[in-house]
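It should be emphasised that the depicted structure is a prediction, and the values quoted were computed from it without experimental measurement. Within every chain, numbering begins at 1; the chains are lettered A, B, ... in the order of the sequence lines, protein sequences first and strands thereafter.
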2 protein chains.
Amino acid sequence: MGWAEVSAEDNLLKLVEAEEPDENDYRLQEQVGFILRKAHQRHVSIFAAHIADLTPPQFAALAKLRDVGETSQNQLGSLIAMDAATVKGVIDRLKARGFVELSKHEVDKRRLLVNLTAEGRDAIERLIPLAREITQETLAPLSAKEAAIFMKLLAKLA
Amino acid sequence: MGWAEVSAEDNLLKLVEAEEPDENDYRLQEQVGFILRKAHQRHVSIFAAHIADLTPPQFAALAKLRDVGETSQNQLGSLIAMDAATVKGVIDRLKARGFVELSKHEVDKRRLLVNLTAEGRDAIERLIPLAREITQETLAPLSAKEAAIFMKLLAKLA
DNA sequence: TTGATATCATTTGCATACGAATGAATTTCC
DNA sequence: GGAAATTCATTCGTATGCAAATGATATCAA
């Protein structure tokens, strides 16, 4: 096969590819959702290796309560991106462990107020240094500059 | 208070800060794990809006079976990042819907082989174009160049 | 004021996700 | 060949995560 024929075939191929970029070609491992799920799994695993007795959602609830003080259960949920059903379970388990206490709102009787106990406050203060390590280890595959770019883009996406 | 005194205080502050960069300052919403969780939630929500009758893990199983053909249940799990317990539930539900069929490995009697049914193959072929839209919409907050960078860094992280 | 809406919380049902324990079958290694 | 280790799959328990339905309370508006 001569040089010109190969070139013609190449050009035809390119034309076809331009029309149908990847008709039969769907690569699961390159899809953002699939990799996002794996990255999240990896982070949860790193978290568990550093903080064995609390899950990331439980930690998030304690950390946010430390920031904002007493809030209603649903309000806390919206601050840490959990719907009402999910946050209830998280708070129930934190209450069972003595990290938070619940009380009724005086005025609005619908609201259930959540607050840290002394034990909960001790726990979150003790765990925050470990959480810093978790963040570092999660980002460890990236250079400092890459990590900064990644965080900016990830925030845009979330 | 004189100029020199202010300067001395500033220097002291800077020294202290250099030792303890952010003792009391832990911002949950800036931690990679927290944002990763939110980004993943957003993607799942976009997925559900486009593909209502299948979850992302179920879709991943079908898409991978389309790629590799018949495999054992555990092997499929490792290809799509699911442990044995999780993949079993996913495959059970796909089987109940007629998308996959199970058979015993002739030689190695421990293995449970999974394969697409004709219906499963039709479904995945039909859904792949929607999955492309899901990827696009998930990445929509980023420019093309940003998306390319993000995917490269995310892959490094996962 | 009261009737429609909206908000807060709970419950149920379903679907990941994973550690740990178990049992069956296979492989490895002495 | 046979004991030990490994692999495949299942089951159980616990913990998110979300949709949908429900009940109680609050707010809005006619």
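- We find that A:Asp67 and A:Lys64 are joined by a salt bridge, their nearest charged nitrogen and carboxylate oxygen being less than 4.0 Å apart.
- The separation between A:Arg42 atom CZ and C:dC18 atom P is 14 Å, rounded to whole Å.
- Against DNA chain C, the stretch residues 103-114 of chain B makes heavy-atom approaches under 4.0 Å through B:Val107, B:Asp108, B:Lys109, B:Arg110.
- Aromatic ring centres of A:Phe59 and B:Tyr26 lie closer together than 6.0 Å.
- Between B:Gln73 and D:dT10 there is a side-chain polar atom (N or O) within less than 4.0 angstrom of OP1 or OP2.
- In summary, A:Glu146 and B:Lys152 do not engage in a salt bridge, as defined by a charged side-chain N under 4.0 Å from a carboxylate O.
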Distances under 3.5 Å between nitrogen or oxygen atoms of protein and nucleotides 15-21 of chain D:
from   : atom 1 : to      : atom 2 : distance (Å)
D:dT16 : OP1    : A:Thr55 : OG1    : 2.6
D:dT16 : OP2    : A:Gln58 : NE2    : 3.1
D:dT16 : OP2    : A:Arg93 : NE     : 2.6
D:dT16 : OP2    : A:Arg93 : NH2    : 2.9
D:dT16 : O5'    : A:Arg93 : NH2    : 3.1
D:dG17 : OP1    : B:Arg37 : NE     : 3.4
D:dG17 : OP2    : B:Arg37 : NE     : 2.9
D:dG17 : OP2    : B:Arg37 : NH2    : 3.4

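- Rounded to whole Å, the distance from CG on B:Asp92 to C1' on C:dA17 is 15 Å.
- A salt bridge does not link A:Arg97 with A:Glu119: none of the charged nitrogens is closer than 4.0 Å to a carboxylate oxygen.
- A donor-acceptor distance shorter than 3.5 angstrom exists from the side chain of A:Thr117 to the backbone of A:Phe99, with no hydrogens or angles considered.
- Looking only at distances, no side-chain donor or acceptor of B:Arg66 sits under 3.5 Å from a matching main-chain atom of B:Glu125.
- Under the 4.5 Å side-chain heavy-atom criterion for Ile, Leu, Val, Met, Phe, Trp and Tyr, B:Leu142 and A:Ile35 are members of the same hydrophobic cluster.
- When rounded to the nearest whole Å, the span between CG of A:Asn74 and C1' of D:dA26 equals 14 Å.
- Rounded to whole Å, the distance from CZ on A:Arg97 to P on D:dT14 is 14 Å.
- What separates CG of B:Leu36 from P of C:dA17 is a distance of 13 Å, to the nearest Å.
- Using a 4.5 Å heavy-atom threshold, the side chains of B:Ile51 and B:Asp53 count as touching.
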